[in-house]
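Both counts, for ligands and for their atoms, begin at 1 and track the order of listing. Start at 1 with the first residue, then count along the sequence.
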Amino acid sequence: MNTNIKQAQELDQQDTLHHFRSEFYIPEKSIYLDGNSLGLLSKRAEKAIDAAVQSWKDYAIDGWTEGENPWYYLSENLGVMSAPLIGAEPDEIVVTGSTTTNLHQLTATFYKPEGKKTKILADELNFPSDIYALKSQLKLKGYNPDEHLIQVQSSDGHTLRTEDIVAKMSDEIALIVLPGVLYRSGQVLDMKTLTKEAHQRGILIGFDLCHSIGSIPHSLSEWDVDFAFWCTYKHLNAGPGSVAGLYVNRKHFGTEPGLAGWFSSAKEKQFDMDHTLTPAENAGAYQIGTPHLLSLAPLLGSLEMFEEAGMEEIRRKSLRLTGYLMELIENELGGYEFKIANPKDETTRGGHVLLEHKEAARICRALKADGVVPDFRKPDGIRLAPVALYNSFEDVWKSVQILKRIMDEEKFKKYENKRGVIA
Ligand SMILES: Cc1ncc(COP(=O)(O)O)c(C=O)c1O
Ligand SMILES: Nc1c(O)cccc1C(=O)C[C@H](N)C(=O)O
C-alpha cells in the first residue's frame, strides 16, 4: 500500500489534542520520539519554574507559607493534581523523592518478612534500578537476594504472562513489585488481576508506573493496589531530575514509614521538633526530608495540561499514533529484517513501539543524525515513542520515511554498531 503525507496531515486535522503541540519546545529540525525517556519542556512548565524562582526572590523564607504555591504544601498539592492520572484519592499520593528512593521507602515500609513469608517477587524484565533496590532491601534485612528475590521469567524475552506471575505467588512471597508497563517492550501488565491474585494469597503488591503514568489510565484505588511509585520526567514532562511520586492505599495509612524523616511528620506537628515522630495520616508520611522545590515546580505547569487533555483522550491518541507507526513500518520497511517486538493489541500495548534489528545501535545513530530522536536499548532494540501531547501523525509518517531512506541507502553503515554513553 502506498502511504502519503496527506493522509498523515488529515489525521492531524482530526486530532483534538493537536493544539497542545505548540505549547512545547520541540528541538529545531528534529522529530522527537524519546518522550518515554525524557519528556519535552512545555511553556507552562517553564513558567512554573520561573514562578518558583520568583517566589524565592520575593518571599525568601516566607515562601514556605506565602505566595501562590506555598512550598510547605506543594508535595501534597501536586499529589492532589496527580490523582486523576492513576485513579487514586488525593491524599493517597505525594510528590517526593525519586523513583528509586520511593521504591526503597515503600519496600522498607511494606516488606515485613514473617515466618515462611520472606521472599520478594519481581520479574526478569524490569528496569535494573528496581532490582538493585530490592536486592539491597533484602540484604538490609539479612537475606541473600540470590535466594530471596524471585524473578518471574519471560517466555519470549519481551513480555510477561499473567499466569506465569501468578504461578510464582507462593506462600513464601511477602511482597510483589512489578512494572505497570515494561520499559523495553512497552507491555501493559494486568495490574487489576495481579492485585486480586496477590491479595487472595495474602501478599502485598506494588507497581512501578514510570512508563505508564501519563501514558495510560489507571484505577489504582478500584484495583486495590497497595502502593505505587513513578518518575515525572517521562510522559509527565517535568524535566530531568524532576521529583517523583508515590501512592499508598488509604487502608495502609498509619503504617509507620520504613525510612522516616521530619517531612514524614503531620504538618502541624513538624515544627514542634519533637524527637518522637508523629507521622502524617496520609501518603505524606512517606516523605523523608525537605522537598526539592525547584524540581517540583515544573510539574505544576505540566499537570495542568493533563487535566485539560484528559487521560482517556491521551490514551486514545497514543494508541492511534503507535497503531499508525506500526502500520507504516509494516508497509514501508518489509524486507529490511525489522521485527516489531512490542505487543500489538490495544489492551497490552503501552506508549511506545519497540523495533528490533541486529544493526539497531547504528540505525539509532543514523536516525539521530537525520533528525529523528529514538533511543536504543540493548541488545537490539529501537524504542520509538510518539507522545500524544506533542507528536503528530506527520512526525510518525516522516520518521518512517527517514528510516526507509537510511535502510535503502545503507546510511547506518557509516557508524559503529555500539551504543552511546546515554544510549
Ligand atoms: C521502570 C523504571 N524504573 C526506574 C527508573 C529509574 O529510576 P530513577 O528515576 O530513580 O532514576 C526508570 C528509568 O530511569 C524506569 O524506566
Ligand atoms: N532516567 C534517565 C536518565 O537519567 C538518563 C537517560 C535515560 C533515563 C531513563 O529514564 C531511561 C528509562 N528509564 C528507560 O526506560 O530506559
Side-chain angles (χ1 to χ4, degrees), residues 27 32-41 82 86 95-108 120 122-137 151-152 154 158-160 176-189 191 206-216 218 227-247 259 286-288 292 295-296 298-299 341-342 350-356 360-361 364 368 373-387 419-423:
Y32 193 76
L33 299 181
D34 206 9
N36 59 338
S37 212
L38 179 69
L40 293 180
L41 173 66
S82 309
I86 60 164
V95 176
T96 186
S98 72
T99 318
T100 313
T101 58
N102 288 346
L103 172 56
H104 273 292
Q105 168 67 295
L106 293 162
T107 310
I120 297 181
D123 68 278
E124 67 161 355
L125 299 179
N126 203 345
F127 194 75
S129 204
D130 291 20
I131 301 301
Y132 303 160
L134 293 175
K135 285 184 178 175
S136 59
Q137 286 291 329
Q151 289 181 264
V152 180
S154 161
H158 292 110
T159 57
L160 298 168
I176 304 175
V177 177
L178 293 167
V181 166
L182 302 194
Y183 82 103
R184 281 187 94 262
S185 70
Q187 180 196 5
V188 182
L189 293 194
M191 292 177 254
F207 291 95
D208 176 336
L209 305 183
C210 278
H211 281 270
S212 62
I213 192 161
S215 170
I216 64 168
H218 307 71
F227 63 87
F229 53 98
W230 56 88
C231 69
T232 58
Y233 49 72
K234 298 178 189 291
H235 292 277
L236 298 188
N237 311 312
S242 53
V243 179
L246 66 78
Y247 153 89
L259 306 175
Y286 307 98
Q287 296 173 86
I288 302 174
H292 302 175
S295 314
L296 272 176
L299 204 51
N342 52 280
H352 66 259
V353 165
L354 177 68
L355 202 51
E356 286 188 333
C364 277
K368 268 192 145 165
V373 186
D375 64 20
F376 169 72
R377 285 294 172 265
K378 265 180 77 184
D380 54 7
I382 302 169
R383 292 192 312 185
L384 301 165
V387 170
R419 70 166 169 80
V421 177
I422 304 284

Nearest-neighbour protein heavy atom for atom 1 (N) of ligand 2, which is reported as residue plus atom name and distance: Tyr233 OH, 3.1 Å

Donor-acceptor under 3.5 Å (Arg383 side chain, Leu33 main chain): no

Who pairs with Asp123 by salt bridge (charged side-chain N to carboxylate O under 4.0 Å, His left out), at least two apart in sequence or on another chain? none

Does atom 16 (O) of ligand 2 have any protein heavy atom closer than 4.0 Å? yes

Among non-hydrogen protein atoms, atom 15 (C) of ligand 1 lies closest to Phe127 CG, 3.5 Å

Could you go through Gln187 and Leu160, starting from their C-alpha distance and side-chain angles, then the distance that decides it, and tell me whether this counts as side chain to side chain contact (heavy atoms under 4.5 Å, CB included)? CA-CA 8 Å; Gln187 180 196 5; Leu160 298 168; 4.1 Å; yes

Should you measure from each heavy atom of Phe127, which atoms of ligand 2 turn up under 4.0 Å away? 12 (C), 13 (N), 14 (C), 16 (O)

Less than 4.0 Å from atom 3 (C) of ligand 2, is there any heavy atom belonging to the protein? no

Identify, by atom number and element, the atoms of ligand 2 in contact range of His211, meaning under 4.0 Å from any of its heavy atoms. 14 (C), 15 (O)

Derivation and outcome, side chain to side chain donor-acceptor pair (under 3.5 Å), residues Ser129 and Thr100: CA-CA 7 Å; Ser129 204; Thr100 313; 2.8 Å; yes

Side chain or backbone, does Thr100 bring an N or O within less than 3.5 Å of an N or O on ligand 1? yes

Give the residue and atom name of whichever protein heavy atom lies nearest to atom 1 (C) of ligand 1, and the separation in Å to one decimal. Asp208 OD2, 3.2 Å

Proximity of His352 to ligand 2 by residue part, where a heavy atom lies under 4.0 Å: neither

Where ligand 1 meets Cys210 - atom numbers and elements under 4.0 angstrom, heavy-atom basis: 1 (C), 2 (C), 3 (N), 4 (C), 15 (C)

I want to know if ligand 2 touches Tyr183 in the polar sense, i.e. an N/O pair below 3.5 angstrom. no

I need the nearest protein heavy-atom contact for atom 12 (C) of ligand 2: residue, atom name and distance, please. Lys234 NZ, 2.7 Å

Where is the tightest heavy-atom contact between Ser136 and His104, given as atom of each residue plus distance? OG-CE1, 3.1 Å

Tell me which part of Thr101 gets within contact of ligand 1: side chain, backbone, both or neither, using heavy atoms under 4.0 Å. neither

Kindly give the heavy-atom pair with the smallest separation between Glu356 and Gly381, and that separation in Å. CG-CA, 4.4 Å

Which heavy atom of the protein is the closest neighbour of atom 11 (O) of ligand 1, given with residue, atom name and distance? Tyr233 OH, 3.5 Å

Over all heavy atoms of both residues, which pair between Ala361 and Arg419 is shortest? Give the atoms and the distance, please. CB-N, 4.0 Å

Locate the shortest heavy-atom distance separating Asn102 from Phe229; write the atom from each residue and the value. CB-CB, 3.9 Å

Side chain of Ser185, backbone of Asn342: donor and acceptor closer than 3.5 Å? no

Checking a contact table here: which protein heavy atom is nearest atom 5 (C) of ligand 2, and how many Å away? Ile422 CG2, 4.4 Å

What closest approach, in Å, do Leu125 and Ser154 show between heavy atoms, and which atom pair accounts for it? CD1-CB, 3.7 Å

Closest non-hydrogen atoms of Val373 and Lys368, given as atom of the first, atom of the second and distance, are CG1-CE, 3.8 Å

of all protein heavy atoms, closest to atom 7 (C) of ligand 2 is Ser37 OG, 3.4 Å

Evaluate His211 for polar contact with ligand 1, using N/O atom pairs at a separation under 3.5 Å. yes

the protein heavy atom lying closest to atom 14 (C) of ligand 2 turns out to be Arg383 NH2, 3.3 Å

Judged by non-hydrogen atoms, does Arg184 sit under 4.0 Å from ligand 2? no

